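Single-structure report; data block below.
Because the structure is a prediction, the values reported are computed rather than measured.
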Protein chains: 2
Amino acid sequence: MDIQLKRGMLDACVLAAIKNEDSYGYKIIKDLKPYVVLSESTLYTILKRLEAARMLTVRTAEHDGRLRKYYHITEAGLRRIEEFKEEFKEVISIYQFVTKEDVHHE
Amino acid sequence: MDIQLKRGMLDACVLAAIKNEDSYGYKIIKDLKPYVVLSESTLYTILKRLEAARMLTVRTAEHDGRLRKYYHITEAGLRRIEEFKEEFKEVISIYQFVTKEDVHHE
DNA sequence: ATGGAATACATCATATCACGAGGTATTGTG
DNA sequence: CACAATACCTCGTGATATGATGTATTCCAT
């Protein structure tokens with residue numbers, strides 16, 4: 001998938017991935033894979049960004065002797081998802097413009 | 001509208017704007033305004049890019065003593081639009097993932 | 001007739017961001 | 001014992017949308 005087209009959807013994807021249940025980096029990537037492939041470097045960049053924007057909080061926990069950083073969505077994060085849904089209406093309208101069939105002029 | 005969300009749609013928008021009829025910069029911006037607002041600097045960047053990718057050709061013509069650069073879509077440009085339509089299916093599937101309601105676990 | 005809006009083009013510097021390359025460390029498996 | 005998988009991280013790069021800025025002409029209201 002075109003990188004540019006992904007942009008603007010990735011933040012919402014990551015937030016959606018932790019919406020129902022706290023999750024951690026490696027799991028988020030696997031959960032998103034069927035819908036959108038993103039590399040680790042991309043994910044960690046996004047997680048940092050979302051944390052800075054206070055759309056999620058982080059908690060470190062041990063699991064089988066390995067550290068995991070669990071991400072939890074905040075109110076702002078949930079609002080971001082709603083915002084995305086609103087904006088997507090515009091995306092649809094743009095799509096309709098692009099796919100609109102020729103009006104034949106004579 | 002979020003800048004990031006626009007990305008990846010703009011090229012297709014501009015191509016769609018000249019698909020039915022050759023057009024020029026100023027007119028493209030006005031035609032797209034109801035769907036997506038883009039500045040002149042953005043448009044000219046895109047037009048340059050699309051020209052370099054041979055998705056459109058340029059012809060300069062005089063109109064009321066003023067020069068206009070008319071852009072004409074090529075086969076590659078039309079193909080790009082079709083490609084966009086295909087990719088949009090993935091966009092929809094991502095949207096559905098994001099808006100998917102909670103599956104309540106117990 | 002004069003000034004400002006509209007038309008029409010263009011360049012440049014900047015900020016955002018996805019990603020590959022590379023790194024560390026542990027656990028599970030053939 | 002080596003290699004995949006798990007799990008985290010940083011840095012440099014390239015793509016790109018945009019504001020600021022510039023040039024020049026035409027149209028229109030005062």
Inset, instruction - Kindly point out which of dC8(D), dT18(D), dA18(C) is positioned nearest to the side chain of L10(A)? - result: dA18(C)
Inset, instruction - For residues Y35(A) and K100(B), determine if any side-chain heavy atom of one lies less than 4.5 Å from a side-chain heavy atom of the other. - result: yes
Inset, instruction - Indicate whether OP1 or OP2 belonging to dC8(D) is found under 4.0 Å from a side-chain N or O atom of Y44(A). - result: yes
Inset, instruction - Indicate whether OP1 or OP2 belonging to dC17(C) is found under 4.0 Å from a side-chain N or O atom of T45(A). - result: no
Inset, instruction - Quick one: label K27(B) by what it contacts on the DNA or RNA (base, sugar-phosphate, nothing), any heavy atom closer than 4.0 Å. - result: nothing
Which atom pairs, one a donor and one an acceptor, fall under 3.5 Å between side chains of residues 1-9 of chain A and the rest of the protein, sequence neighbours left out?
{"residue": "D2(A)", "atom": "OD2", "partner": "L5(A)", "partner atom": "N", "Å": "3.4"}
{"residue": "Q4(A)", "atom": "OE1", "partner": "R7(B)", "partner atom": "NE", "Å": "3.0"}
{"residue": "K6(A)", "atom": "NZ", "partner": "V37(A)", "partner atom": "O", "Å": "2.7"}
{"residue": "R7(A)", "atom": "NE", "partner": "Q4(B)", "partner atom": "OE1", "Å": "3.0"}

Inset, instruction - Report the distance from atom CD1 of I29(B) to atom C1' of dA10(C), rounded to the nearest whole Å. - result: 12 Å
Inset, instruction - Check every strand shown and say whether R7(A) touches a base, only sugar-phosphate, or nothing at a heavy-atom separation below 4.0 Å. - result: base
Legend entry - Nearest-Å distance for atom pair CG/P, residues D11(A) and dT16(C): 13 Å
Legend entry - Given dA10(C), dT18(D), dC9(D), the nucleotide with the shortest approach to the side chain of K48(A): dC9(D)
Legend entry - E87(B): salt bridge (Lys or Arg N to Asp or Glu O under 4.0 Å) partners, not counting sequence neighbours: none
Inset, instruction - In whole angstrom, give the distance that lies between atom CG of L43(A) and atom P of dC8(D). - result: 9 Å
Inset, instruction - Could you tell me whether R80(A) and D11(A) have a side-chain N and a carboxylate O separated by less than 4.0 Å? - result: no
Inset, instruction - Could you say whether K30(A) or L47(A) is positioned toward the 5' end of DNA chain D, judged by the nucleotide with the nearest heavy atom to each? - result: K30(A)
Legend entry - Side chains of E40(A) and I29(A) in contact at under 4.5 Å (non-hydrogen atoms): yes
For a quick test of your reading: what N or O donor-acceptor pairs under 3.5 Å do the side chains of residues 69-77 of chain A make, sequence neighbours left out?
{"residue": "Y70(A)", "atom": "OH", "partner": "R68(A)", "partner atom": "NH1", "Å": "2.9"}
{"residue": "H72(A)", "atom": "ND1", "partner": "D22(A)", "partner atom": "OD1", "Å": "2.6"}
{"residue": "H72(A)", "atom": "ND1", "partner": "D22(A)", "partner atom": "OD2", "Å": "3.4"}
{"residue": "T74(A)", "atom": "OG1", "partner": "R54(A)", "partner atom": "O", "Å": "2.8"}
{"residue": "T74(A)", "atom": "OG1", "partner": "M55(A)", "partner atom": "O", "Å": "3.1"}
{"residue": "T74(A)", "atom": "OG1", "partner": "A76(A)", "partner atom": "N", "Å": "3.4"}
{"residue": "T74(A)", "atom": "OG1", "partner": "G77(A)", "partner atom": "N", "Å": "3.2"}

Inset, instruction - Report the distance from atom OH of Y26(A) to atom P of dA25(C), rounded to the nearest whole Å. - result: 18 Å
Legend entry - G25(A) vs Q4(A), nearer the 5' end of DNA chain D by closest nucleotide: G25(A)
Inset, instruction - Determine, for K85(A) against E82(A), whether the closest basic-nitrogen to carboxylate-oxygen distance falls under 4.0 angstrom. - result: yes
Legend entry - Residues in contact with DNA chain D, drawn from residues 31-41 of chain A - heavy-atom cutoff 4.0 Å: E40(A), S41(A)
Legend entry - Out of dA7(D), dT18(D), dC9(C), whichever nucleotide has its closest atom nearest the side chain of R68(A): dA7(D)
Inset, instruction - Using atom CD1 of I3(B) as one end and atom C1' of dG19(D) as the other, report the distance to the nearest whole Å. - result: 11 Å
Inset, instruction - Answer whether the closest heavy-atom distance between the side chains of V91(B) and F88(A) falls below 4.5 Å. - result: yes
Legend entry - Whole-Å gap separating P (dA7(D)) and OH (Y71(A)): 13 Å
Inset, instruction - Residues of residues 49-67 of chain B with any non-hydrogen atom less than 4.0 angstrom from an atom of DNA chain D: list those, numerically ordered, please. - result: R49(B), D64(B), R66(B)
Inset, instruction - Between Y24(B) and G8(A), name the one whose nearest nucleotide on DNA chain C is closer to the 5' end. - result: Y24(B)
Legend entry - I28(B) CD1 - dA8(C) C1' separation (whole Å): 12 Å
Inset, instruction - Specify the separation, in whole Å, of atom CG of L5(B) and atom C1' of dA18(C). - result: 15 Å
Inset, instruction - Go through the structure and list residues passing side chain to side chain donor-acceptor pair (under 3.5 Å) with R66(A), not counting sequence neighbours. - result: none
Legend entry - Modelled atom types, side-chain donor and acceptor of T42(A) and S39(A), under 3.5 Å: yes
